[in-house]
**Q** 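What follows is a single structure, and I will ask about it in a moment.
Please read all numbers here as calculations on a predicted model, not as lab measurements. Along the sequence shown, residues carry numbers from 1.
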Amino acid sequence: MSAPLFLVESLPTADSMLLDGPEGHHAATVQRLRVGEELLLADGRGGTATAVVTAVGRGTLDLDITARGYADASNPRLVVVQGIAKGDRGELAVQAMTEVGVDEIVPWAASRSVVQWRGERGVRARGKWVATAREAAKQARRAWLPVLAGAPDESTASVARRIAGAAAGYVLHEAATDRLTTAELPDRGEIVLVVGPEGGISPAELSTFQEAGARPVRLGASVLRTSTAGVAALAVLATRLLRW
């Protein structure tokens, strides 16, 4: 099994460090790492370090740094505009999309979203998405944390502007005739993929996105849930872009 990864605000410049705080507690108390075991550190911005445990304290680990690395940011960047869903479906989507390599997630306040992020509720909901992405990135041993856009969410007009400035934009839609598996993809820049909420994308929203330059596409004959459509589409893109 590969070494577990822990996220730190900044990587150590010295040859040793103390891992404390929430990550130290998780490593020492929850995962019960012991002297001699290896772990990975990442700053979420591409920087990584390999370390060996030299001592275990109460919620802390003393580490010796044995190697350092850096992973370049992916290009093209894969950006998923995720329609806000009810319950835990949005968090399930964020978790799975992070594990398969999404670079940015944009919470979208679609007209058919059952749940609307307003005031403190929106701030808390977005915070759950951020926390979910962070834990999924650790699980997947990712050097880069995905960006979570929105304050806390984005409007349809804002999404349209994002599509207009991207190298390519696609909208998953059950009535589309073109397939994502054969759509032309750019080799650089930003690829924006729109995933609707449970109620789907309205005709007005689809028209707005098309006017901004997006193409409606489908994955196949099946109609997927909002919590699985994005991850399935990302798997297609990751394969076609040779990330996998």
**Q** Has the side chain of Thr208 got a donor or acceptor atom that lies under 3.5 Å from a matching backbone atom of Ala204?
**A** yes
**Q** Report yes if some heavy atom in the side chain of Leu7 is under 4.5 Å from a heavy atom in the side chain of Arg134; otherwise report no.
**A** yes
**Q** Work out which heavy atom in Ser113 is nearest to a heavy atom in Gly83; give both atom names and the distance.
**A** OG-C, 4.3 Å
**Q** Taking Asn75 for its side chain and Gly189 for its backbone only, find out whether a donor-acceptor pair lies under 3.5 Å.
**A** yes
**Q** Return yes if some donor-acceptor pair links the side-chain N/O of Arg112 with the main-chain N/O of Gly196 below 3.5 Å, else return no.
**A** no
**Q** Check whether any side-chain N or O of Ser158 sits under 3.5 Å from a backbone N or O of Ser155 as a donor-acceptor pair, and report yes or no.
**A** no
**Q** Taking all heavy atoms of Arg45 and all of Asp43, pick out the closest pair and write down the distance.
**A** N-OD1, 2.8 Å
**Q** Search all heavy atoms of Ala160 against all heavy atoms of Ala212 and return the closest pair with its distance.
**A** O-CB, 3.3 Å
**Q** Under 4.5 Å between side-chain heavy atoms, hopping through other hydrophobics if needed: is there a path connecting Leu206 to Val192?
**A** yes
**Q** Given side chains that start at C-beta, do those of Asp64 and Ser16 come closer than 4.5 Å, heavy atoms only?
**A** yes
**Q** Are Val194 and Leu219 connected in the hydrophobic side-chain network, where two residues link if heavy atoms are under 4.5 Å apart?
**A** no
**Q** Let me confirm one number: the CD-CD distance from Glu99 to Gln139, rounded to the nearest 0.5 Å.
**A** 6.0 Å
**Q** Identify whether the distance between the nearest side-chain nitrogen and carboxylate oxygen of Arg77 and Glu104 falls below 4.0 Å.
**A** yes
**Q** Checking side chain to side chain contact (heavy atoms under 4.5 Å, CB included) against Thr98, which of Leu234, Thr132, Ile105 comes through?
**A** Ile105
**Q** Measure the NE2-CG distance between His173 and Asp178 for me, rounded to the nearest 0.5 Å.
**A** 13.0 Å
**Q** Ignoring hydrogens and angles, tell me if any N or O in the side chain of Glu37 forms a donor-acceptor pair with the backbone of Arg34 under 3.5 Å.
**A** yes
**Q** Just verifying a value: how many Å separate Glu23 CD and Leu61 CG, rounded to the nearest 0.5 Å?
**A** 10.5 Å
**Q** Closest heavy-atom contact between Ala14 and Ile65?
**A** O-CG1, 3.9 Å
**Q** Side chains of Asp153 and Arg118: does their closest heavy-atom pair fall under 4.5 Å?
**A** yes
**Q** Any heavy-atom pair between the side chains of Pro76 and Leu185 that's under 4.5 Å?
**A** no
**Q** When rounded to the nearest 0.5 angstrom, what distance separates CD1 in Ile84 from CZ in Arg126?
**A** 11.0 Å
**Q** Are any non-hydrogen side-chain atoms of Val81 and Ile163 less than 4.5 angstrom apart?
**A** no
**Q** Would you say Val56 ends up clustered with Leu33 if hydrophobic residues are merged whenever their side chains have heavy atoms under 4.5 Å apart, either directly or through other cluster members?
**A** yes
**Q** With a 6.0 Å cut-off (strictly less than), is the heavy-atom count around CZ of Arg225, excluding the residue itself, greater than 12?
**A** no
**Q** Passes side chain to side chain contact (heavy atoms under 4.5 Å, CB included), Lys128 versus Asp88? Steps please.
**A** CA-CA 10 Å; Lys128 289 182 179 179; Asp88 63 354; over 6 Å; no
**Q** Got more than 12 heavy atoms from elsewhere within 6.0 Å of CD, Gln210?
**A** yes
**Q** Side-chain contact test, heavy atoms from C-beta onward, threshold under 4.5 Å: evaluate it for Val53 versus Leu63 and give yes or no.
**A** yes
**Q** For Glu205 and Val159: C-alpha separation, side-chain torsions, deciding distance, then whether side chain to side chain contact (heavy atoms under 4.5 Å, CB included) applies.
**A** CA-CA 10 Å; Glu205 289 166 337; Val159 171; over 6 Å; no
**Q** Donor-acceptor check, side chain of Arg215 to backbone of Tyr170, threshold 3.5 angstrom: yes or no?
**A** no
**Q** Between Glu198 and Lys86 (side chain of the first, backbone of the second, donor and acceptor by atom type, cut-off under 3.5 Å), is there such a pair?
**A** yes
**Q** CD of Gln82 to CG of Leu193: how many Å apart, nearest 0.5 Å?
**A** 9.5 Å
**Q** Are Val8 and Leu5 grouped together when hydrophobic residues (ILVMFWY) are joined by side-chain heavy atoms under 4.5 angstrom apart?
**A** no
**Q** Indicate yes or no for a side-chain donor-acceptor contact from Arg243 to the backbone of Leu237 under 3.5 Å, with no hydrogens or angles considered.
**A** no
**Q** Which atom pair, heavy atoms only, marks the closest approach of Leu19 to Ala27?
**A** CD2-CB, 4.1 Å
**Q** Less than 4.0 angstrom from a charged side-chain N to a carboxylate O is my criterion; do Arg58 and Asp20 meet it?
**A** no
**Q** Could you tell me which non-hydrogen atom of Val35 sits nearest to which non-hydrogen atom of Thr54, and how far apart they are?
**A** CG2-O, 3.7 Å
**Q** Please check if Leu180 and Val100 belong to a single hydrophobic cluster, counting links between Ile, Leu, Val, Met, Phe, Trp and Tyr side chain heavy atoms closer than 4.5 Å.
**A** yes
**Q** What pairs of residues pass the ring pair (Phe, Tyr, Trp, His ring centres under 6.0 Å) test when at least one of them lies in residues 68-119, not counting sequence neighbours?
**A** Trp108-Phe209, Trp117-Trp129
**Q** Quick check for you: to the nearest 0.5 Å, what is the distance between Met97 atom CE and Leu78 atom CG?
**A** 11.0 Å
**Q** Do Asp62 and Thr60 touch side chain to side chain, with heavy atoms closer than 4.5 Å?
**A** no
